[in-house]
Amino acid sequence: MIDLTKLSRRCRVRVLRDADADAILALCRENTQYYAYCGRQISREEILRDLHITPPGKTLADKYYVGFFDGDILVAVMDLVDGYPEERDCFIGFFMMNKSLQGRGIGSEIIGEVCACLGKSGYGAVLLGIDRDNPQAAHFWRKNGFSVIRQVEQEGGMILVARKSLLCSGDCS
């Protein structure tokens, strides 16, 4: 189980629920480049689906669809799956920053804090998928220490699976 209170020192972190769908949608709608590359249209229905979908073999108890907040401002959204694809891994299914806060290093700070906390909690790696045709996303994840380990063909196109090793152990403090 992941202690959400320790994922970030910068932001307050909490689980997002169906009632947060409009706030998530507003954040996502501002990030038009992401949706242009992945070929999807964002909608409230898609947000509600994403809040409840899990990878094969995982349940909602393993899923942390969380918001990072600065006061009342939704800074970022992350879908984090505990124990996927392997028991000591975490998978970031989705990460998106508030468009007005991009380019200031806040996203990298959040990812760094999350990875440090997970490493200190005994996780071995964080994995995620990157749309191969999205150079901005690929640059962001490489800059944050993720390395592409394979390509996977999906319905929407080629996805780069990236991994970052976490070498810490102990308690998130």
Side-chain angles (χ1 to χ4, degrees), residues 1-16 20 24 27-28 31 33-34 37-38 50-51 53-71 73-132 134-152 159-173:
M1 179 176 252
I2 298 170
D3 183 351
L4 299 182
T5 65
K6 296 183 178 179
L7 285 181
S8 177
R9 288 184 171 96
R10 167 185 263 286
C11 298
R12 177 177 51 88
V13 181
R14 73 167 175 83
V15 171
L16 297 172
D20 297 303
I24 299 166
L27 182 142
C28 291
N31 285 281
Q33 181 180 10
Y34 171 82
Y37 281 111
C38 72
D50 285 351
L51 284 167
I53 194 168
T54 59
K58 301 312 291 180
T59 69
L60 287 176
D62 303 312
K63 180 182 175 90
Y64 300 85
Y65 200 106
V66 296
F68 293 79
F69 290 87
D70 182 2
I73 298 170
L74 181 58
V75 172
V77 172
M78 178 184 285
D79 182 10
L80 188 63
V81 181
D82 188 1
Y84 185 80
E86 302 295 331
E87 184 178 336
R88 297 310 309 162
D89 295 338
C90 280
F91 190 86
I92 298 175
F94 184 72
F95 179 72
M96 186 166 287
M97 281 290 301
N98 181 315
K99 179 81 169 164
S100 69
L101 300 173
Q102 291 178 8
R104 300 180 190 180
I106 298 169
S108 292
E109 183 178 343
I110 289 171
I111 295 302
E113 288 181 327
V114 167
C115 289
C117 180
L118 294 172
K120 289 176 183 177
S121 297
Y123 289 88
V126 176
L127 291 93
L128 52 85
I130 306 166
D131 185 320
R132 180 183 69 184
N134 186 337
Q136 179 184 7
H139 173 76
F140 174 81
W141 293 112
R142 272 194 304 274
K143 176 178 79 170
N144 284 285
F146 287 79
S147 300
V148 173
I149 58 172
R150 68 179 172 276
Q151 295 187 50
V152 177
I159 299 297
L160 306 174
V161 178
R163 180 179 191 275
K164 179 175 181 168
S165 291
L166 307 176
L167 302 175
C168 303
S169 63
D171 185 81
C172 279
S173 47

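FYI, the numbering just counts along the sequence from 1. Small disclaimer: the values here were computed from a predicted structure and weren't measured.
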Novice: Between Phe91 and Gly129, what is the shortest heavy-atom contact and its length?
Specialist: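 Scanning both residues, the minimum pair turns out to be CZ-N, 3.9 Å.
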Novice: Mind checking salt bridge (charged side-chain N to carboxylate O under 4.0 Å, His left out) for Lys58 and listing every partner two or more places apart, or none if nothing turns up?
Specialist: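 Counting only residues at least two positions away or on another chain, Lys58 forms a salt bridge (charged side-chain N to carboxylate O under 4.0 Å, His left out) with Asp62.
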Novice: Kindly check if the number of other-residue, nucleotide or ligand heavy atoms within 6.0 Å of CD1 (Ile73) is above 12?
Specialist: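 Open.
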Novice: As an exercise, state the distance from CG of Leu160 to CZ of Arg142, rounded to the nearest 0.5 Å.
Specialist: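 So the gap between those two atoms works out to 8.5 Å.
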Novice: How long is the straight-line distance from CG of Asp70 back to CG of Asn98, given to the nearest 0.5 Å?
Specialist: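 Asn98 CG to Asp70 CG: 10.0 Å, rounded to 0.5 Å.
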Novice: If every non-hydrogen atom of Lys6 is compared with every non-hydrogen atom of Cys117, which pair is closest and at what distance?
Specialist: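 Of all heavy-atom pairs spanning Lys6 and Cys117, the closest is O-SG, 3.3 Å.
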Novice: Does CD in Glu86 sit with more than 12 non-hydrogen atoms of other residues, nucleotides or ligands closer than 6.0 Å?
Specialist: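 Count not over threshold, so no.
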Novice: Which value, rounded to the nearest 0.5 Å, describes the distance between Ser121 atom OG and Leu166 atom CG?
Specialist: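 Rounded to the nearest 0.5 Å, the OG-CG separation comes out at 10.0 Å.
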Novice: Quiz question: by atom type and distance under 3.5 Å, do the side chains of Tyr65 and Asp20 form a donor-acceptor pair?
Specialist: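 No donor-acceptor contact under 3.5 Å links the two side chains.
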Novice: Taking the inter-plane angle between the rings of Phe146 and Trp141 on a 0 to 90° scale, is it parallel (under 30°), tilted (30 to 60°) or perpendicular (over 60°)?
Specialist: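 The rings of Phe146 and Trp141 stand perpendicular, inter-plane angle above 60°.
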Novice: Quick check for you: to the nearest 0.5 Å, what is the distance between Cys115 atom SG and Asn144 atom CG?
Specialist: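 Spacing of SG (Cys115) from CG (Asn144) equals 7.5 Å.
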Novice: Do Arg132 and Ile159 touch side chain to side chain, with heavy atoms closer than 4.5 Å?
Specialist: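 No, too far: nothing below the 4.5 Å cut-off.
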Novice: Below 4.5 Å, heavy atoms only, C-beta onward: do Lys63 and Ile53 meet side chain to side chain?
Specialist: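 Contact flag for Lys63/Ile53 side chains = yes.
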Novice: Taking atom CZ of Arg14 and atom CG of Leu74, what is their separation to the nearest 0.5 Å?
Specialist: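 Separation between the atoms: 8.0 Å.
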Novice: Could you state the interatomic distance from CD1 (Ile130) to NE2 (His139), rounded to the nearest 0.5 Å?
Specialist: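 Rounded to the nearest 0.5 Å, the CD1-NE2 separation comes out at 11.5 Å.
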Novice: With a 4.5 Å limit on heavy-atom distance, are the side chains of Phe94 and Val77 in contact?
Specialist: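 Phe94 reaches Val77 side chain to side chain.
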Novice: Within the structure provided, determine whether Leu127 and Val161 are in side-chain contact (heavy-atom separation under 4.5 Å).
Specialist: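 Contact flag for Leu127/Val161 side chains = yes.
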Novice: Let me know which of Arg104, Arg9, Arg10 forms a salt bridge (Lys or Arg N to Asp or Glu O under 4.0 Å) with Glu109.
Specialist: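 Passing option: Arg10.
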Novice: Considering all heavy atoms of both residues, which atom of Leu128 and which atom of Ile92 are nearest to each other, and what is their separation?
Specialist: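 In terms of heavy atoms, the two residues are closest at CB-O, 3.4 Å.
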Novice: Do Leu7 and Glu113 come within less than 4.5 Å of each other through their side chains, counting heavy atoms only?
Specialist: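 They are not in contact (no side-chain heavy atoms under 4.5 Å apart), so the answer is no.
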